[in-house]
Amino acid sequence: MGRFNQARAPIYEALEEFRKNRIVPFDVPGHKRGRGNPELVELLGQQCVGIDVNSMKPLDNLCHPVSVIREAEEMAAEAFGAAYAFLMVGGTTSSVQSMILSVCKKGDKIILPRNVHRSVINALVLCGAIPIYVNPDMDVRLGIALGMKLSQLERTMRENPDAVAVLVNNPTYYGICSDLKSIVKLAHAYGMKVLADEAHGTHFYFGADMPISAMSAGADMAAVSMHKSGGSLTQSSFLLTGPKVSPGHVRQIINLTQTTSASYLLLASLDISRRNLALRGKSEFEKVVKLAEYAREEINRIGGYYAYHSELINGDSIFDFDKTKLTVNTLGIGRAGIEVYDLLRDEYDIQMELGDIANVLAYISIGDRERDMERLIGALEEIKRKYSQDNGGMFTQEYIEPKVAVSPQNAFYAEKESLPLSETRGRICSEFVMCYPPGIPILAPGEEITAEILEYILYAKEKGCSMTGPEDAGIQRLNVLKEEWM
């Protein structure tokens with residue numbers, strides 16, 4: 001038995017007590033429990049707006065928690081097997097950035113795979129740390145980047161022994177896991193901290209027979225996206241720390257950028273979701289895995305598609321696989337993933353998590369039902385029958401190795417000029433270009449623009465990928481460093 005009764009939810013309990021007391025509000029928010037905004041009440045309900053309240057003594061304060069929020073954080077730490085857990089209301093973007101800002105300062109080196117979420121590189125823009133990329137292996141058939149090879153990582157560490165940290169995706173968006181335990185052992189031997197982006201790995205902490213979680217592997221910090229597979233409200237997240245990380249220092253870093261007006265709707269959702277997973281997570285995620293396994297089998301039976309699974313595991317760049325991820329490679333029917341994604345939404349009213357050049361991803365979690373899965377399988381079967389075509393000339397590569405010329409911070413803040421896309425070859429980009437989701441940059445600030453990258457951007461645009469990042473929303477132009485600045 002742990003120290004805490006995981007059936008409790010202290011923030012939720014405090015809000016219920018507060019609701020009963022019918023306090024007269026002469027504080028913010030200005031809608032005053034919804035009375036000033038009846039349309040908002042109609043949309044969200046009185047139950048919801050009635051607890052959209054400000055920090056006060058009975059409800060504690062996220063910037064400096066001493067009572068119910070502190071207790072909720074300690075209960076979360078116990079549930080996740082961490083030394084400390086921070087409730088985050090700025091999304092996992094905020095958790096990832098707080099991890100990096102906690103261990104890196106200007107000029108520090110951090111080792112990381114290049115297939116990271118943009119929030120990681122954003123943090124480098126903010127703090128001035130220098131990325132040392134370990135380029136992941138590619139699976140050309142699947143069109144996805146894999147995990148970090150231990151041999152590649154060790155070579156990078158030997159070449160950069162002054163690096164302060166290593167960041168690992170656990171797992172990638174597509175469910176691929178690196179050998180996290182060995183990475184932690186290796187990094188700690190070099191005196192480096194290990195940070196894990198677990199945006200897509202909440203269930204590793206609660207499900208049975210799952211890939212290892214960051215805290216179990218001995219990582220120093222982990223950003224856990226509770227709202228993805230954990231069931232809390234969008235934008236709520238946990239930042240977990242190990243025993244060798246100072247929670248006081250991390251709190252100071254978080255308070256540099258996180259709001260001082262934390263939403264109690266988000267905080268309560270984290271509290272209730274932690275309780276739900278601590279009590280029922282094992283059985284719930286067992287159902288999720290069964291549903292995903294069933295769907296994979298049925299989709300592969302259709303032919304043309306490839307819903308991949310644990311058969312990919314090779315003990316290194318694919319050390320383990322997240323069985324809850326239902327990624328379907330669509331190149332066998334002659335359609336880009338984004339085209340199948342659009343067809344599913346526009347013709348069948350099915351919203352997938354992402355469509356990229358080669359794959360669609362269905363995010364299976366605790367709220368999914370078997371009948372919805374049948375509908376997806378049926379739609380994919382019909383799409384193959386009605387829309388398949390020859391697959392000659394299709395791109396398969398989702399990841400292009402970057403040529404880093406300037407640090408992200410220096411490039412982002414440098415003197416720049418705007419050029420038509422076709423004239424940028426050979427220049428240094430000062431902004432991001434990515435398909436979102438997955439939000440892995442094709443170009444990041446400080447990287448050279450090559451012919452291959454330009455061809456990829458044009459292809460992704462033509463296929464209908466949602467392109468984001470540049471100042472020019474149409475992505476007809478890119479900001480590049482002025483040549484004299486170089």
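Because the structure is predicted, anything quoted here is derived from the model rather than measured.
- The OG atom of Ser119 sits 11.0 Å away from the CG atom of Leu126 when rounded to the nearest 0.5 Å.
- In this structure, Lys282 is not positioned above the aromatic face of Phe206 in the sense of NZ or CZ being under 6.0 Å from the six-membered ring centre and within 45° of the axis.
- Here the rule is side-chain contact (heavy atoms from CB on, under 4.5 Å) with Ile69, and of Leu62, Asp271, Leu59, Asn61 only Leu62 fits it.
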For this session: Go through Ile144 and Tyr173 one step at a time and tell me if the side-chain contact (heavy atoms from CB on, under 4.5 Å) criterion holds.
Result: CA-CA 10 Å; Ile144 59 167; Tyr173 219 142; over 6 Å; no
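- Side-chain contact between Leu15 and Val53 is present, with at least one heavy-atom pair separated by less than 4.5 Å.
- Note that CD1 of Ile111 and CG of Leu195 are 11.5 Å apart. Values are rounded to the nearest 0.5 Å.
- Ion pairing between a basic and an acidic side chain is recognised when a charged N comes within 4.0 Å of a carboxylate O; Glu73 and Arg251 show such pairing.
- No side-chain heavy atom of Leu233 sits less than 4.5 Å from a side-chain heavy atom of Gln235.
- Side-chain contact check for Pro470 versus Phe432: every heavy-atom pair is 4.5 Å or farther apart.
- In Gln46, the CD atom is crowded: over 12 heavy atoms of neighbouring residues, nucleotides or ligands sit closer than 6.0 Å.
- In this structure, the side chain of Asn21 does not engage the main chain of Phe18 through any donor-acceptor pair within 3.5 Å.
- Distance check: Leu266 CG to Met88 CE gives 12.0 Å after rounding to the nearest 0.5 Å.
- Remark: of the listed residues Leu167, Val166, Asn135, Asp179, Val166 is the sole one forming a side-chain contact (heavy atoms from CB on, under 4.5 Å) with Met148.
- Around the NE2 atom of His64, the shell of radius 6.0 Å holds no more than 12 heavy atoms that belong to other residues, nucleotides or ligands.
- Residue Leu277 holds its CG atom at 11.5 Å from CZ of Arg275, rounded to the nearest 0.5 Å.
- At a threshold of 4.5 Å between non-hydrogen side-chain atoms, the residues Ile313 and Asp320 count as touching.
- The main-chain N or O of His200 is found under 3.5 Å from a side-chain atom of Lys325 such that the two form a donor-acceptor pair.
- Atom OH of Tyr341 and atom CG of Leu361 lie 10.5 Å apart (nearest 0.5 Å).
- Considering all non-hydrogen atoms of both residues, Ala196 and Met99 come closest at O-CE, 3.4 Å.
- Between the side chain of Ser269 and the main chain of Ser232, no donor-acceptor pair closer than 3.5 Å is present.
- Ion pairing of Glu16 with Lys20 is absent here, as no side-chain N (NZ or NE/NH1/NH2) approaches a carboxylate O to less than 4.0 Å.
- Few gaps surround OH on Tyr84; more than 12 heavy atoms of other groups in view lie less than 6.0 Å from it.
- Formation of a donor-acceptor pair under 3.5 Å by the Asn169 side chain with backbone atoms of Asn115 is found in this model.
- The CD1 atom of Ile253 sits 12.0 Å away from the CD1 atom of Ile100 when rounded to the nearest 0.5 Å.
- Between the side chain of His249 and the backbone N or O of Ser102 there is at least one donor-acceptor pair closer than 3.5 Å.
- Met215 pairs in a side-chain contact (heavy atoms from CB on, under 4.5 Å) with only one of the listed residues (Asp220, Leu240, Val224), which is Leu240.
- Side chain of Gln6 to main chain of Met75: a donor-acceptor pair is present (N/O by atom type, distance under 3.5 Å, no hydrogens or angles).
- Side-chain atoms of Lys323 and Phe285, non-hydrogen and from C-beta on, never get closer than 4.5 Å to each other.
- Side-chain polar atoms of His203 and Asp322 form a donor-acceptor pair below 3.5 angstrom.
- The minimum heavy-atom distance between Leu354 and Tyr174, with the atom names listed, is CD1-OH, 4.2 Å.
- The shortest non-hydrogen separation linking Ala292 to Ile364 is CB-CG1, 4.4 Å.
- Using modelled atom types, no side-chain atom of Thr202 and backbone atom of Ser229 make a donor-acceptor pair closer than 3.5 Å.
- Scanning all heavy atoms of the two residues, the minimum distance from Lys416 to Ala414 falls at CE-O, 3.2 Å.
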For this session: Show your reasoning for whether side-chain contact (heavy atoms from CB on, under 4.5 Å) applies to Tyr294 and Leu326.
Result: CA-CA 10 Å; Tyr294 167 72; Leu326 179 59; over 6 Å; no
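- Counting heavy atoms from C-beta outward, Arg33 and Pro25 have side chains that approach closer than 4.5 Å.
- Leu265 is not listed as a side-chain neighbour of Leu44, based on a closest heavy-atom distance of 4.5 Å or more.
- No donor-acceptor pair closer than 3.5 Å links the side chain of Asn359 to the backbone N or O of Asp356.
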Problem set entry | Full working for side-chain contact (heavy atoms from CB on, under 4.5 Å) between Glu154 and Met157 | CA-CA 5 Å; Glu154 183 155 27; Met157 287 176 171; 5.6 Å; no
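- A perpendicular orientation is assigned to the rings of Tyr205 and Phe80, their planes being inclined by more than 60° (bins at 30° and 60°).
- Side-chain atoms of Asp197 and His117 form no donor-acceptor pair, as typed in the model, at a separation below 3.5 Å.
- In terms of heavy-atom proximity, Ser236 sits nearest to Leu270 at CB-CG, 3.5 Å.
- In this structure the side chain of Ser273 never reaches within 4.5 angstrom of the side chain of His227, judged on heavy atoms.
- Of the possible polar contacts, none joining the Arg274 side chain to the Ala77 backbone as a donor-acceptor pair under 3.5 Å is found.
- In the displayed structure, Asp346 atom CG is contacted under 6.0 Å by more than 12 heavy atoms of other residues, nucleotides or ligands.
- Using a distance-only test at 3.5 Å, with no hydrogens or angles considered, a donor-acceptor pair links the side chain of Arg375 to the main chain of Tyr348.
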Exercise. Should Thr241 and Phe86 be marked as a side-chain contact (heavy atoms from CB on, under 4.5 Å) after you check the CA-CA gap, both sets of side-chain angles, and the distance that decides it?
Worked result: CA-CA 8 Å; Thr241 59; Phe86 298 86; 3.9 Å; yes
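- Using a 4.0 Å cut-off between a side-chain N of Lys or Arg and a carboxylate O of Asp or Glu, Asp162 and Lys109 qualify as a salt bridge.
- Under 4.0 Å is where a charged nitrogen must lie from a carboxylate oxygen, and between Arg296 and Glu293 at least one such pair does.
- Surrounding CD of Glu374 are more than 12 heavy atoms belonging to other residues, nucleotides or ligands, all under 6.0 Å away.
- Annotation for Val125 and Tyr413: closest pair O-CE1, 3.9 Å, computed over non-hydrogen atoms.
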